[in-house]
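Everything below concerns the one structure shown next.
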Amino acid sequence: PLIDAGRVRGARAVEVLRQRFDRLETTGCRVRPTRGTDERWTVRVWLEGGRAGVAVGPSRDGLVDAALALAAVAPLSAHAGPADRFAPIGGSLGLDDRRHATIEEADRNEFLLLAERSLNHGSVQLRHLRYQEVRECRSLMSTREVELSGAATTYTLDAVAGSGSLQLG
């Protein structure tokens, strides 16, 4: 729909990137995780003469009009436009953990307890522990018949431990 909307409004070419971020985060070992989902949309349009405009937002609403307005005042560029159609490579720029869907809360808790035990050693005590996982799914479409999708999973563990007034992390 966004590509068609851009073409109907006068764009010579349109490119749409949709990113969805599924997040899970917990602070501490015995706290239930919070979950959330965010989206980011990027719409690029090119007008005749190579004028380009880009609009980014958390939803797709109004992005085509915003990108067209920016393109209308952009400088001319004879070579501007989306990438030509190409054979996509398997995979994506990030690494997708195929196990992600099968990881259960008990698995995460076991990992966090192991981290807590490892950091609580002798006079060194854990002061802060934060675990986050983000699964990003990307979809790219353009008027040049490019349609790609990919996913990446990122796991982050932040810890602060210390002894007395000495703090590490």
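Not measured: the values here are computed from a predicted model.
- A salt bridge between D158 and R130 is present, with a side-chain N of the basic residue lying under 4.0 Å from a carboxylate O of the acidic one.
- Grouped with L76 in a hydrophobic cluster is no other residue, since no side-chain heavy-atom contact under 4.5 Å to another Ile, Leu, Val, Met, Phe, Trp or Tyr is found.
- When all heavy atoms are compared, the tightest approach of S142 to E15 is CB-CG, 3.9 Å.
- Going from atom OG of S118 over to atom CG of L113 covers 10.5 Å, rounded to the nearest 0.5 Å.
- Taking hydrophobic clusters as Ile, Leu, Val, Met, Phe, Trp and Tyr residues chained together by side-chain heavy-atom distances below 4.5 Å, L119 shares a cluster with L157.
- Between R60 and E39, none of the side-chain N atoms (NZ, or NE/NH1/NH2) sits under 4.0 Å from a carboxylate O, so this pair counts as no salt bridge.
- In terms of hydrophobic clustering, with Ile, Leu, Val, Met, Phe, Trp and Tyr side chains grouped at heavy-atom distances under 4.5 Å, I3 and L17 are assigned to different clusters.
- A distance of 8.0 Å separates OG1 in T27 from CG in L129, rounded to the nearest 0.5 Å.
- Atom CZ of R7 is separated from atom CZ of R12 by 9.5 Å, given to the nearest 0.5 angstrom.
- Judged by distance alone, with hydrogens and angles left aside, the side-chain atoms of R51 form a donor-acceptor pair with the main-chain N or O of A74 at under 3.5 Å.
- With D96 contributing its side chain and R98 its backbone, the two residues share no donor-acceptor pair below 3.5 Å.
- The distance from atom CG of L2 to atom CZ of R18, rounded to the nearest 0.5 Å, is 11.0 Å.
- Screening V45, V54, V43 for a side chain to side chain contact (heavy atoms under 4.5 Å, CB included) involving L63 leaves a single residue, V43.
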- [ ] Go through the steps to decide whether R108 and T26 satisfy the test side-chain contact (heavy atoms from CB on, under 4.5 Å), and finish with yes or no.
- [x] CA-CA 10 Å; R108 290 179 183 97; T26 185; over 6 Å; no

- [ ] For side-chain contact (heavy atoms from CB on, under 4.5 Å), just list the numbers for F111 and I103, CA-CA rounded to whole Å, side-chain angles, deciding distance to a tenth of an Å, and then say yes or no.
- [x] CA-CA 11 Å; F111 171 73; I103 298 173; over 6 Å; no

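- Residue-environment remark: CD (Q125) exceeds the threshold of 12 foreign heavy atoms within 6.0 Å.
- The minimum heavy-atom distance between S163 and S123, with the atom names listed, is OG-OG, 3.2 Å.
- Atom NE2 of H121 has 12 or fewer heavy atoms from other residues, nucleotides or ligands within 6.0 Å.
- No donor-acceptor pair under 3.5 Å is formed between the side chain of D4 and the backbone N or O of P1.
- Distance check, rounded to the nearest 0.5 Å: CZ of R9 to CG of L47 gives 13.0 Å.
- In this structure, the separation between CZ on R20 and CG on D22 is 4.0 Å, given to the nearest 0.5 Å.
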TODO: Run the numbers on D61 and W41 for side-chain contact (heavy atoms from CB on, under 4.5 Å), then give the verdict.
DONE: CA-CA 9 Å; D61 298 338; W41 292 80; over 6 Å; no

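- In this structure a side-chain-to-backbone donor-acceptor pair under 3.5 Å is present from N120 to L126.
- Comment: E136 engages R138 in a salt bridge, judged by a side-chain N to carboxylate O separation of less than 4.0 angstrom.
- Distance alone, capped at 3.5 Å, is enough to place a donor-acceptor pair between the T143 side chain and the V14 backbone.
- When the options E104, R99, H100 are evaluated for a side chain to side chain contact (heavy atoms under 4.5 Å, CB included) with T102, the one that passes is R99.
- By the rule that hydrophobic residues join a cluster once side-chain heavy atoms approach within less than 4.5 Å of another member, M141 and L68 end up as members of one cluster.
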